[in-house]
Amino acid sequence: MASKLLRAVILGPPGSGKGTVCQRIAQNFGLQHLSSGHFLRENLKANTEVGEMARQYLEKGLLVPDHVITRLMVSELELRSGQHWLLDGFPRTIVQAEALDKICDLDLVISLNIPFETLKDRLSRRWIHPPSGRVYNLDFNPPHVHGIDDITGEPLVQQEDDKPEAVAAKLRRYKDAAKPVIELYKSRGVLHQFSGTETNKIWPYVYTLFSNKITPIQSKEAY
Ligand code: G5P
Ligand code: MG
């Protein structure tokens with residue numbers, strides 16, 4: 001098994017299960033799960049300069065400008081240069097992919113292809129725990145107690161831009177922006193695409209893919 005540090009990316013539209021799959025990969029393989037949306041929300045809460053630059057875009061469900069998100073993610077990656085990591089939500093545009101290209105070589109890129117109706121249903125049933133970024137779904141992975149985070153006992157909230165109209169617009173923007181990114185990674189031979197409506201059915205394939213690159217930290221695959 002290679003001892004080289006693993007650099008992986010998960011691409012997929014809003015609600016496609018990037019966060020869910022990343023949580024499982026992180027748990028099974030000990031990779032750092034780095035979510036661009038989570039970093040942005042943390043900066044927003046802390047009223048940092050980046051948070052202020054991103055606020056109006058996040059509130060409207062729009063993509064944050066490339067230079068803002070790239071600066072943020074590059075500095076987070078520099079802090080973790082000695083660890084295996086997995087990016088969730090970055091890069092989302094070709095400009096971001098080119099910036100990432102300058103600082104590392106990716107080993108694995110996963111693209112999740114999930115039908116639109118599935119995405120709409122999922123997002124309207126989603127609740128999150130803002131301080132940690134933990135994600136729940138009322139059907140798929142409900143919290144033990146309704147409206148309460150399993151780990152901290154703090155309240156869960158529903159995000160404004162999880163409404164169906166917001167989801168439709170986000171999905172259109174995702175497709176336009178992601179197309180050249182997917183083409184780039186396909187041409188590099190690192191892209192693996194998974195289609196389906198259920199994360200549980202996609203997960204065993206993702207697990208096998210990672211097992212071929214990095215030793216699991218627990219002997220049997222866990223959800
Ligand atoms: P985020 O935070 O990256 P999105 O919109 O890309 O947000 P999101 O909504 O977080 O992505 P996800 O991570 O792909 O979706 O999916 P998830 O949260 O794991 O799963 C969605 C729901 O479905 C959950 O409730 C989950 O439990 C459930 N689920 C999962 N699998 C199944 C299943 O099999 N069955 C069922 N029934 N349910 C399931 O970005 C937020 C904002 O930040 C900015 C943008 O403004 C963005 O809108 N941003 C950037 N801007 C520019 N460039 C970037 N690189 C940016 N990154 C973030
Ligand atoms: Mg997410």
Side-chain angles (χ1 to χ4, degrees), residues 9-26 33-44 50-51 53-74 76-77 86-100 110-115 117-130 132-143 150 156-164 166-178 181 194-204 206 223:
V9 163
I10 301 225
L11 305 173
S16 58
K18 299 184 296 294
T20 306
V21 169
C22 286
Q23 269 172 232
R24 292 183 187 181
I25 296 171
H33 170 194
L34 309 176
S35 155
S36 52
H38 179 65
F39 287 131
L40 283 169
R41 287 185 287 274
E42 274 191 335
N43 274 271
L44 204 66
V50 166
M53 284 193 277
R55 186 179 300 278
Q56 55 174 311
Y57 301 94
L58 286 168
E59 283 173 354
K60 293 184 192 137
L62 297 173
L63 286 184
V64 168
D66 287 329
H67 70 277
V68 175
I69 189 75
T70 301
R71 200 177 91 188
L72 172 65
M73 293 309 289
V74 167
E76 293 292 343
L77 292 176
L86 169 65
L87 288 172
D88 161 4
F90 180 89
R92 257 183 172 83
T93 67
I94 191 68
V95 174
Q96 295 174 22
E98 285 164 354
L100 183 62
I110 289 176
S111 174
L112 301 174
N113 300 326
I114 315 295
E117 280 307 312
T118 309
L119 299 177
K120 222 171 57 179
D121 289 352
R122 278 185 194 176
L123 294 181
S124 59
R125 306 277 291 158
R126 174 166 68 176
W127 289 74
I128 63 155
H129 175 243
S132 67
R134 264 187 293 283
V135 178
Y136 297 88
N137 181 279
L138 298 186
D139 310 306
F140 175 66
N141 62 333
D150 289 349
L156 301 175
V157 299
Q158 208 170 14
Q159 297 182 122
E160 267 303 303
D161 64 351
D162 281 348
K163 291 181 190 150
V167 174
K170 277 210 285 190
L171 191 61
R172 274 194 305 276
R173 282 194 296 275
Y174 170 79
K175 277 190 178 158
D176 292 344
V181 178
F194 298 99
S195 303
T197 55
E198 290 174 52
T199 301
N200 285 349
K201 291 205 173 136
I202 291 174
W203 168 242
V206 173
Y223 285 5

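None of the values given here were measured: they were computed from a predicted structure. Counting starts at 1 for both ligands and their atoms, following the listed order.
Regarding atom 25 (O) of ligand 1, its nearest protein heavy-atom neighbour is Tyr136 O, 2.9 Å. In this structure, atom 26 (C) of ligand 1 lies nearest to the protein heavy atom Thr20 OG1, 3.7 Å. With respect to atom 10 (O) of ligand 1, the closest heavy atom belonging to the protein is Arg126 NH1, 3.3 Å. Taking atom 24 (C) of ligand 1 as the reference point, the nearest protein heavy-atom neighbour is Val135 CG1, 3.4 Å. Protein heavy atom at the shortest distance from atom 27 (O) of ligand 1 is Asn141 OD1, 2.9 Å. Atom 51 (N) of ligand 1 has its closest protein heavy atom at Val64 N, 3.0 Å. In terms of protein heavy-atom proximity, atom 48 (O) of ligand 1 is closest to Lys170 CD, 4.0 Å. Of the protein's non-hydrogen atoms, Leu62 O, 3.5 Å is the one closest to atom 45 (C) of ligand 1.
The atoms of ligand 1 that sit less than 4.0 Å from any heavy atom of Thr199 are 30 (C), 31 (N), 32 (C), 33 (C), 34 (O). Close approach to Leu58 involves these atoms of ligand 1, each under 4.0 Å from a residue heavy atom: 42 (C), 43 (O), 44 (C), 46 (O). Remark: ligand 1 atoms within the under-4.0 Å shell around heavy atoms of Leu40 are 43 (O), 44 (C), 49 (N), 50 (C), 58 (C). Close approach to Gly19 involves these atoms of ligand 1, each under 4.0 Å from a residue heavy atom: 12 (P), 13 (O), 19 (O). Taking every non-hydrogen atom of Gly89 and a distance limit under 4.0 Å, the qualifying atoms of ligand 1 come out as 54 (C), 55 (N), 56 (C), 57 (N). Listed by atom number, the atoms of ligand 1 under 4.0 Å from Glu198 heavy atoms are 34 (O). Taking every heavy atom of Ser36 and a limit of under 4.0 angstrom, the matching atoms of ligand 1 come to 56 (C), 57 (N), 58 (C).
The N/O atoms of Asp88, backbone and side chain alike, include none that comes under 3.5 Å of an N/O atom in ligand 1. Ligand 1 has a nitrogen or oxygen under 3.5 angstrom from a nitrogen or oxygen of Gly15. Where the criterion is an N or O separation shorter than 3.5 Å, residue side chain and backbone included, Lys18 meets it with respect to ligand 1. Considering backbone and side-chain atoms together, Asn200 places no N or O closer than 3.5 Å to any N or O of ligand 1.
Annotation: side chain of His33 is not in contact with side chain of Ile25 (no heavy-atom distance under 4.5 Å). The side-chain heavy atoms of Leu58 and Leu44, taken from C-beta on, include a pair separated by under 4.5 Å. Taking the side chain as every heavy atom from C-beta outward, Ile10 and Leu86 approach each other to under 4.5 Å. Between Thr199 and Val21 there is a side-chain heavy-atom pair separated by less than 4.5 Å. Contact of the Thr20 side chain with the Asn137 side chain is not registered, since no non-hydrogen atoms from C-beta on lie closer than 4.5 Å. Between Pro14 and Tyr174, the closest side-chain pair of non-hydrogen atoms falls below 4.5 Å.
The closest non-hydrogen atom to atom 37 (N) of ligand 1, taken over Phe140, Phe90, Tyr57, comes from Phe140. Between atom 2 (O) of ligand 1 and the options Arg41, Arg122, His38, the minimum heavy-atom separation is to Arg41. Closest to atom 40 (O) of ligand 1 by heavy atom, among Arg92, Gln96, Arg125, is Arg92.
Contact between Pro13 and ligand 1 is present, with at least one heavy atom of the residue lying under 4.0 Å from the ligand. The closest approach between Gly12 and ligand 1 stays at or above 4.0 Å for every heavy atom of the residue. Using a 4.0 Å cutoff on heavy atoms, Gly17 counts as a contact of ligand 1. Between Asp139 and ligand 1 there is no heavy-atom distance shorter than 4.0 Å. Assignment of Pro91 to the shell around ligand 1 is not supported, since no heavy atom sits closer than 4.0 Å. A heavy-atom separation below 4.0 Å is not found between Gln23 and ligand 1.
Judged purely by distance below 3.5 Å, without hydrogens or angles, the side chains of Asn141 and Arg134 never pair a donor atom with an acceptor atom. In this model, a donor atom of one side chain and an acceptor atom of the other lie less than 3.5 Å apart for Ser132 and His129.
If you take CG on Leu72 and CG on Asn43, they are separated by 5.5 Å, rounding to the nearest 0.5 Å. Here Arg24 contributes atom CZ and Asn200 contributes atom CG; the two are 4.5 Å apart, rounded to the nearest 0.5 Å. Put simply, CD on Glu76 and OG on Ser36 are 11.0 Å apart, with the number rounded to the nearest 0.5 Å. Atom CZ of Arg122 is separated from atom CD of Glu117 by 12.5 Å, given to the nearest 0.5 angstrom. Atom-to-atom distance recorded for Leu40:CG and Tyr57:OH is 12.5 Å, nearest 0.5 angstrom.
More than 12 heavy atoms of other residues, nucleotides or ligands lie within 6.0 Å of CZ in Arg55, so this atom counts as buried by the packing criterion.
Between the side chain of Thr70 and the main chain of His67, no donor-acceptor pair closer than 3.5 Å is present.
When Arg92, Arg71, Gln96 are each tested for a side-chain hydrogen bond (donor to acceptor under 3.5 Å, both in side chains) with Asp66, only one passes: Gln96.
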